[in-house]
Structure formats: C-alpha cells, structure tokens
Amino acid sequence: FEQTLEPMSFANRLWVIPDGSTAPDGAAVVTLAPGMAFGTGEHPTTAMCLNWLAQQSLDSLQVLDYGCGSGLLGIAAVKLGAAGCCAVDIDPQALDASRDNAATNAVSDQLIIVEPGAVPAGAQYDVLVANILSGTLIDLGPVLCDLVKPGAPLALTGILAHQAAGVADAWSGWAELNVGDQDGDWVLLSGSKRGN
C-alpha cells in the first residue's frame, strides 16, 4: 500500500500527500502517514467529497464531518479555511486515526473528534459532509439535519447510483439534493438544507 499513495490534487486548491512529499506553494495540503489502511482519499466517495469541499467557500465556517473515518475530510476542511470541524464516527479506531492525523497536520485544536452521542448539545454547523452508507444516511437524516443551519451546503456520499433517488427522497422534507458528482457506480448527492 505504501507505494500506491501518490500526491492527489482536488479542484486545484487541495492536495493530499504522503508524509515527506511536497505540494505546490499556496495550496491547502493534508499530509498522511504512508501505510494508512483507509481514508487516504483514493476511494471514489472520499475523492468526490474532497473535490466538493475544495469547491466550497469555507472561510470561518464550522463543518460537520459525519462518519469521519481517518478524519481526512475534516482536516481538509480546516486546511481550506474552515474555523473548525466536528468529526464524528462510531468506530473507536477511526476516532484514534482521526486524532493521529489531526496531530500530524497540526489542526488538533480545530477538530472536535467524538462518538455520535458526544456531539455538542444544540450545535448547529454551517456545512455537512457525510460519507457513510445509504441506509445509514436515510436513518440519520433527521438527526443530521438538526445539526446543520438552514441553508447549509450538504454533501452526502457512500451512495451507489441506484440508491441515490431513495436517499434524496428520504431527505426531501428538509433538503433538496441532486447528484453533484459520479465516479463509476458511486454518486455524491449535494444541495442545501431548506430554510434561510
């Protein structure tokens, strides 16, 4: 695996590079330890999320990364200008990986890394990115929408093309979602929470 992690660029603004590599000056850079088992940005769903984040204006915003895995998306959001990110996962190993990667990238102070039950009460985030399976996205829709402000940009993935309509339909009461990107069988749904 270590040999396969090559520097990757997203929307000409963001680079994900193995530790010890260099990226162009002026770019937002996330450094990952070679040999990571997951969450390197190489999977289509992660790559689509990184591309989407790199196209958002995140300056001073608070981002919610639900299903954070390695913490890559939250770290990228901070590197792209977000004031902070709440990175959430049910897997203790994912939370440990997120903490390690946040430390490597010197953004530990800007990331809150927690299990779902420990998301700060009453918090409302400016942006949501969730890379989890479609059934979970459908089940968690009401919970996730309560955690973001009206008008918040949303990106959901971990969704196969044939599942997209079901997820968009399940979320239709509080968000208008459309296929924003597709890579092979995987799609990213994007849109925003209703209201203003």
Side-chain angles (χ1 to χ4, degrees), residues 9-16 27-28 30 39 41 43-89 98 107 110-114 116 119-120 122-134 136-159 161 163-183 186-196:
S9 170
F10 301 92
N12 299 320
R13 281 185 67 203
L14 173 69
W15 283 79
V16 176
V30 179
H43 190 277
T45 59
T46 311
M48 287 189 293
C49 283
L50 289 166
N51 212 33
W52 183 84
L53 279 170
Q55 294 173 55
Q56 305 301 308
S57 176
L58 299 175
D59 288 354
S60 308
L61 299 182
Q62 293 288 337
V63 175
L64 176 62
D65 174 10
Y66 212 93
C68 65
S70 68
L72 175 54
L73 300 177
I75 293 164
V78 170
K79 295 282 191 161
L80 288 162
C85 177
C86 182
V88 183
D89 209 294
S98 294
V107 296
Q110 289 135 297
L111 255 66
I112 300 170
I113 300 168
V114 293
V119 174
Q124 283 215 307
Y125 295 90
D126 301 300
V127 179
L128 168 68
V129 60
N131 182 3
I132 40 186
L133 298 175
S134 64
T136 308
L137 285 169
I138 290 170
D139 293 344
L140 289 176
V143 174
L144 295 179
C145 277
D146 278 349
L147 291 171
V148 294
K149 295 175 180 171
L154 313 170
L156 310 179
T157 190
I159 304 165
Q163 300 167 328
V167 175
D169 189 50
W171 281 60
S172 62
W174 50 82
E176 186 168 333
L177 297 172
N178 296 294
V179 174
D181 201 353
Q182 181 161 359
D183 186 336
W186 298 99
V187 297
L188 177 137
L189 290 175
S190 61
S192 57
K193 182 176 171 177
R194 295 191 198 284
N196 47 26

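All residue numbers in this chain count up from 1 along the given sequence.
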message = Quick one, Leu188 and Asn51 - any side-chain contact, counting heavy atoms below 4.5 Å?
response = no
request  = Kindly indicate whether the side chain of Leu58, heavy atoms from C-beta on, has any atom under 4.5 Å from the side chain of Asp126.
outcome  = no
note = Gly67 and Ile132 have their tightest heavy-atom pair at CA-CG2, 3.7 Å
query = Between Ala76 and Leu50, which heavy-atom pair has the shortest distance, and what is it?
reply = CB-CD2, 3.7 Å
ask   = With side chains defined as the heavy atoms from C-beta onward, is the minimum distance between Tyr125 and Cys85 less than 4.5 Å?
value = no
ask   = What distance separates Ser190 OG from Leu154 CG, expressed to the nearest 0.5 Å?
value = 8.5 Å
request  = Measure the spacing between CD of Gln62 and CD1 of Ile112 and express it to the nearest 0.5 Å.
outcome  = 7.0 Å
request  = Check whether any side-chain heavy atom of Leu156 sits under 4.5 Å from a side-chain heavy atom of Trp171, and report yes or no.
outcome  = yes
remark   = Arg194 and Ser172 have their tightest heavy-atom pair at NH2-O, 2.7 Å
Thr45 side chain to Gly158 backbone, donor-acceptor under 3.5 Å = no
query = Are any of the side-chain heavy atoms of Leu80 and Arg13 separated by less than 4.5 Å?
reply = yes
Any donor-acceptor pair under 3.5 Å from Lys79 side chain to Leu14 backbone = no
remark   = All heavy atoms of Val167 vs all of Ser134, minimum pair found to be CG2-CB, 3.7 Å
remark   = In this structure, NE2 of His43 is separated from CG of Asn131 (nearest 0.5 Å) by 8.0 Å
key: Separation between CG of Leu73 and SG of Cys49, rounded to the nearest 0.5 Å   = 5.0 Å
inquiry  = Which heavy atom of Leu72 sits nearest to which heavy atom of Gly41, and what is that distance?
reply    = CD2-N, 3.4 Å
query = Is a donor on one side and an acceptor on the other found under 3.5 Å between the side chain of Gln124 and the backbone of Asp146?
reply = yes
query = Looking at side-chain heavy atoms only, is the closest gap between Val187 and Thr157 below 4.5 Å?
reply = no
query = Can you find a heavy atom in the side chain of Tyr66 that is under 4.5 Å from one in the side chain of Leu147?
reply = yes
query = Is there a side-chain contact between Phe10 and Leu53, using heavy atoms and a 4.5 Å cut-off?
reply = no
Value rounded to 0.5 Å, distance of CG in Leu137 from CG in Leu144 = 7.0 Å
ask   = How far apart are the C-alpha atoms of Trp174 and Val148, what are their side-chain angles, what is the distance that settles it, and do they pass the side-chain contact (heavy atoms from CB on, under 4.5 Å) test?
value = CA-CA 11 Å; Trp174 50 82; Val148 294; over 6 Å; no
inquiry  = Main chain of Ala175, side chain of Ser192: is a donor-acceptor contact present, judged purely on distance under 3.5 Å?
reply    = no
message = Looking at every heavy atom in both Cys86 and Val114, which two are closest together, and how far apart are they?
response = SG-CG2, 3.9 Å
